[in-house]
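Worksheet: one structure, shown below.
Residue numbers start from 1 in every chain, and the chains themselves are labelled A, B, ... in the order their sequence lines are given, proteins ahead of strands.
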Number of protein chains: 2
Amino acid sequence: MRKKQASQSARVKHKRLSPDERRKDFIRKATEFFADEGFNGGTRELARRLGVTQPLLYRYFPSKEELIKEVYRTVYLEPLDSGWERRLTDRSRPIRERLQQFYSTYTDAIFTRTWLRIYLFSGLKGLDINRWYVSVVRDKILTRIVKECRFEAGLPAQGKPTASELEMAWVFHSGIFYYGIRKYIYESPVLEDKEKMIADALDVYLAGVTKVFAGVEKPVKSPAKSDRLDAAAGR
Amino acid sequence: MRKKQASQSARVKHKRLSPDERRKDFIRKATEFFADEGFNGGTRELARRLGVTQPLLYRYFPSKEELIKEVYRTVYLEPLDSGWERRLTDRSRPIRERLQQFYSTYTDAIFTRTWLRIYLFSGLKGLDINRWYVSVVRDKILTRIVKECRFEAGLPAQGKPTASELEMAWVFHSGIFYYGIRKYIYESPVLEDKEKMIADALDVYLAGVTKVFAGVEKPVKSPAKSDRLDAAAGR
DNA sequence: TTCGCTATTTATCATTCGATAAATCAAAAA
DNA sequence: TTTTTGATTTATCGAATGATAAATAGCGAA
């Protein structure tokens, strides 16, 4: 009746892994560990989960902080690899379909307990990488969405988005994002059909943004840099 | 040339405060301290900020954890005092105006660095009080908004909101909420005019939700519990 | 002023933390 | 097999942590 569980206090003959495989394994499991415990989780508890002793960590990472940076790097880069930009701007397909597909795959990547918790923990530390990620979302996603919406509404699509347009896109994007937070961080009941949530959010955004654009930016007015003017629709 | 700064290492004659005043002062300043440092902030550093010695904390709170619970209580209750529900359901005023006013005052209460950070830190701990707060938002705010929207659209307003309706309200609400996160947690540049952000979000939501409701729930269909059906507008 | 109460401080303990040095042992090289 | 290499462990350090006990000092009551 021996406990076969690895890394229990029972003496276990330790296997050896090649250095870079072990290193990758450390980073992957450390990601889940810090997602659970926060970055204040202890190196001993981490090592216990890894099935090794604590000092071994320092053979692979010069300090706990360096290990955490590796976790950042892998987590933040994870959802950024597939070919967003092309598919988002492929005007041969309807904008609704493009946005639905984009948010479907994007949220497939980030709507995990691990990703979201690491993101929130690191965001609360005010790290540069977090600012960088926010700027990526703004420049690579939201700016493009705004331009596509302008095109769809028959408006001139050149020029940077106004602050108001960007803000509306942020509100839309954040609304979808927070669905993941509610589900995986707060573990609150949500509408289980994620695709429908995205579809409804898109319906609301596209219907609303068209109306707002139509009421605001069509009339004679300098087309760019009209941000701070209180030209709001229907109020 | 003596440093007059309180609580510096220089010997300072310590004033005595009445116990409950001191206690309140501790909680208030501890809130800001934990908002800055996270709940792993040390009791010594906290005491230094309070201008007292560390063991004194244990005269007023049996443990660090109990102090933190007091912080939760005050923070979570802070934005819940004014008379939401009446003003939100006062149908003598236009729904847009009511929602604008509600979100204006609500965000005045919660859009502070301190409130938002305590909220996020506590949310990541999976505390009951956080779940409670989420349920308050759902039942006291979003459910009412959905009902008012139904009424505005000329639909029957009785019966609980469908999961889809609630989800749309969540996406709207979260979009506004995340404006505060972006501004005070990520310290990212946002549209400075908060009122305009709310107004635009409202425009989009009201325009979109009207259209979606009109396209979906008007036709012959069992009016309640139509959640999971893929009856979406214009797709 | 003196006394007594208690708010506050000083001193200290037991853990836990990140990190380092030295010993050990598995596996490749000879 | 024997030797060598380095991956992994054991042992340990110093600092920081939450918490407690005892000493001190401010302030109202007598």
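Aromatic ring centres of A:Tyr205 and B:Tyr205 lie farther apart than the 6.0 Å criterion allows.
The CG-C1' distance, from B:Leu56 to C:dA11, rounds to 16 Å in whole Å. Taking atom CZ on A:Phe61 and atom C1' on D:dT8, their separation rounds to 15 Å, with Å as the unit. Rounded to a whole Å, the CZ atom of B:Arg22 is 12 Å from the C1' atom of D:dG26. Atom pair A:Ile68:CD1 and C:dC17:P shows a separation of 14 Å (rounding to whole Å applied). As rounded to whole Å, 17 Å separates atom P of D:dT20 from atom OH of B:Tyr60. Atom P of nucleotide C:dT16 and atom CG of A:Leu46 are separated by 17 Å, given to the nearest angstrom.
Distances shown here put every side-chain N or O of A:Arg59 at or beyond 4.0 Å from the OP1 or OP2 atom of D:dT9.
Of the candidates B:Lys29, B:Arg22, B:Arg23, B:Asp25 forms a salt bridge (Lys or Arg N to Asp or Glu O under 4.0 Å) with just one, namely B:Lys29.
Residues that satisfy the ring-ring contact (aromatic ring centres under 6.0 Å, His included) test with B:Phe26, not counting sequence neighbours, are B:Tyr60.
With hydrogens and angles left out, the side-chain atoms of B:Asn130 and B:Tyr76 include a donor and acceptor closer than 3.5 Å. Remark: the B:Lys183 side chain and the B:Ser188 side chain contain no N/O donor-acceptor pair separated by less than 3.5 Å.
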Nucleic acid footprint by protein, nucleotides 12-19 of chain D - heavy-atom cut-off 4.0 Å, B for base, S for sugar-phosphate alone: B----BBB
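At a threshold of 4.0 Å, the pair A:Arg182-B:Glu167 counts as salt-bridged, since one of the basic side-chain nitrogens sits closer than that to a carboxylate oxygen.
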